[in-house]
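Order of listing sets the numbers, starting from 1, for every ligand and every atom in it.
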Amino acid sequence: MSKKILITGGAGFIGSHVVRLFVTKYPEYNIINLDALTYAGNLENLKDIEDNSNYFFERINILDAEAINNVFEKHGITDVIHLAAESHVDRSILSPLDFVYTNIIGTVNLLNTAKAKWAANFSNHIFYHVSTDEVYGALGDTGFFTETTSYHPNSPYSASKASSDHFVRAYAETYHLQTKISNCSNNYGPNHFPEKLIPLFINNIINKKPLPVYGDGKYTRDWLFVKDHAIAIDTVFHKGEVNETYNIGGFNEWKNIDLIKLLCTLMDEKLGRQAGESEQLITYVKDRPGHDRRYAIDATKINTKLGWKPSVTFEQGLSLTIDWYLQNTEWLQHVTSGAYQNYYNEMYSNR
Ligand code: NAD
Ligand code: TYD
């Protein structure tokens, strides 16, 4: 069947990789990218596919229920892959309500429209909600998040994502909407907005600016290359069981400080700087409040049931990522001007 898939947040980091994958891999589908173009949304991310005949863009805020309704009608939407969100933990600490509006109310707006439009035959339609491992809270030194780990969100960001996951489940139970949810670990790769650890530090290393390490630097994250996440989303969308959750990750845990040192080494080599030069930029700063100690995904279910595994190692992915940023300095300049400067000053001046 020829699908007409609404991908929300398609101008953002992960969304743009998902849009590109679907537009190029499935020419028989129409892909409708719905995005409000907040500070994190950037159509430059999709320049290479914007003229494809199966690609459409709608600049809409998911808080606008009427506009969502119109897009469903205009394009005859058959399925939704929902990525639009406020996504940065530090921003959620500064202004939690933005996260409540977009991540919770925006998600419920989309669910309501899907419910209303698909009521005649729910079995032909999928509402796929893309979520995060942060809903599970923090791990100690051992153990992994599985699909049955109970939710324990610690930041306004993760609390809002947890809430949206619950609404998606509730719409499946209550109204028989066919849903899928995936909870993925930290992503990295091209087009990542430079407020998150890896792109921020790449940008600061390029510009020889301090590298602000929160707390003792021994916080642990489980990193996945963004293109592998996009492939996992394709896999879950097409092969995953209806009303199931899949955890997505690459069994790739790094303590922040070890990752940062690897990044410094690789960047010194690529920039032709002296070994050890970028490490001098490391600066320990005040910790993030409520900072989750460790995340680690048990991806056994998606590995064994759907046959998905990451295609690149961390060293390969990180090298590709650095190369992309070094080759796309214009992209970096565009997104780090204006409003970004204000955010950066507010975030880091008192640390
Ligand atoms: P991002 O911040 O880079 O992009 C978010 C996109 O959503 C932007 O294009 C933005 O313009 C759009 N958007 C924001 N508010 C909107 C609104 N009210 N209406 C319409 N569009 C709006 O985020 P990302 O890192 O690409 O994350 C995408 C999704 O994946 C999010 O749901 C996030 O929770 C989830 N996720 C992210 C990670 C990660 O490491 N980045 C890991 C797991 C899950
Ligand atoms: P981040 O990329 O914000 O992702 P998340 O908080 O969603 O996991 O941060 C990744 C890790 O890096 C996290 O432990 C916080 C830490 N961090 C710093 O030490 N310094 C920074 O400037 C930033 C942005 C993050």
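Distance from atom 25 (O) of ligand 1 to its nearest protein heavy atom, with residue and atom name: F13 CD2, 3.7 Å. For atom 40 (O) of ligand 1, the nearest non-hydrogen atom of the protein is N187 N, 2.8 Å.
Residue contact check: S185 has heavy atoms under 4.0 Å from atoms 42 (C), 43 (C) of ligand 1. Applying the 4.0 Å criterion to heavy atoms of I60 picks out, from ligand 1, the atoms 19 (N), 20 (C).
Between the choices R288, R91, H192, R221, the shortest heavy-atom distance to atom 6 (O) of ligand 2 belongs to R288. For atom 2 (O) of ligand 2, the choice among D90, L197, N256, V89 with the nearest heavy atom turns out to be L197.
Proximity of H88 to ligand 1, defined as any heavy-atom pair under 4.0 Å, is not found for any part of the residue. Within the 4.0 Å heavy-atom criterion, the part of N186 lying near ligand 2 is the side chain and not the backbone. No part of V285 comes within 4.0 Å of ligand 2, judged by heavy-atom distances. With a heavy-atom cut-off of 4.0 Å, Y214 touches ligand 2 through backbone and side chain alike. At a 4.0 Å heavy-atom cut-off, ligand 2 touches Y348 through the side chain alone. Residue-level proximity to ligand 2 for E195 is carried by the backbone, the only part with a heavy atom below 4.0 angstrom.
With S278 as reference, R273 is the one residue of K261, R273, K208 to meet the side chain to side chain contact (heavy atoms under 4.5 Å, CB included) rule.
Contact between L263 and I198 at its shortest, heavy atoms only, is CD2-O, 4.2 Å.
Of the polar atoms of N186, none of the N or O atoms is found under 3.5 Å from an N or O of ligand 1, judged by distance alone. At under 3.5 Å, a nitrogen or oxygen of N61, whether backbone or side chain, sits near a nitrogen or oxygen of ligand 1. Residue H291 has at least one N or O atom closer than 3.5 Å to an N or O atom of ligand 2.
Within the structure, the closest approach of M347 to ligand 2 does not fall below 4.0 Å when heavy atoms are considered.
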Q: Show your reasoning for whether ring-ring contact (aromatic ring centres under 6.0 Å, His included) applies to H238 and Y26.
A: CA-CA 12 Å; H238 285 99; Y26 302 107; 4.7 Å; yes
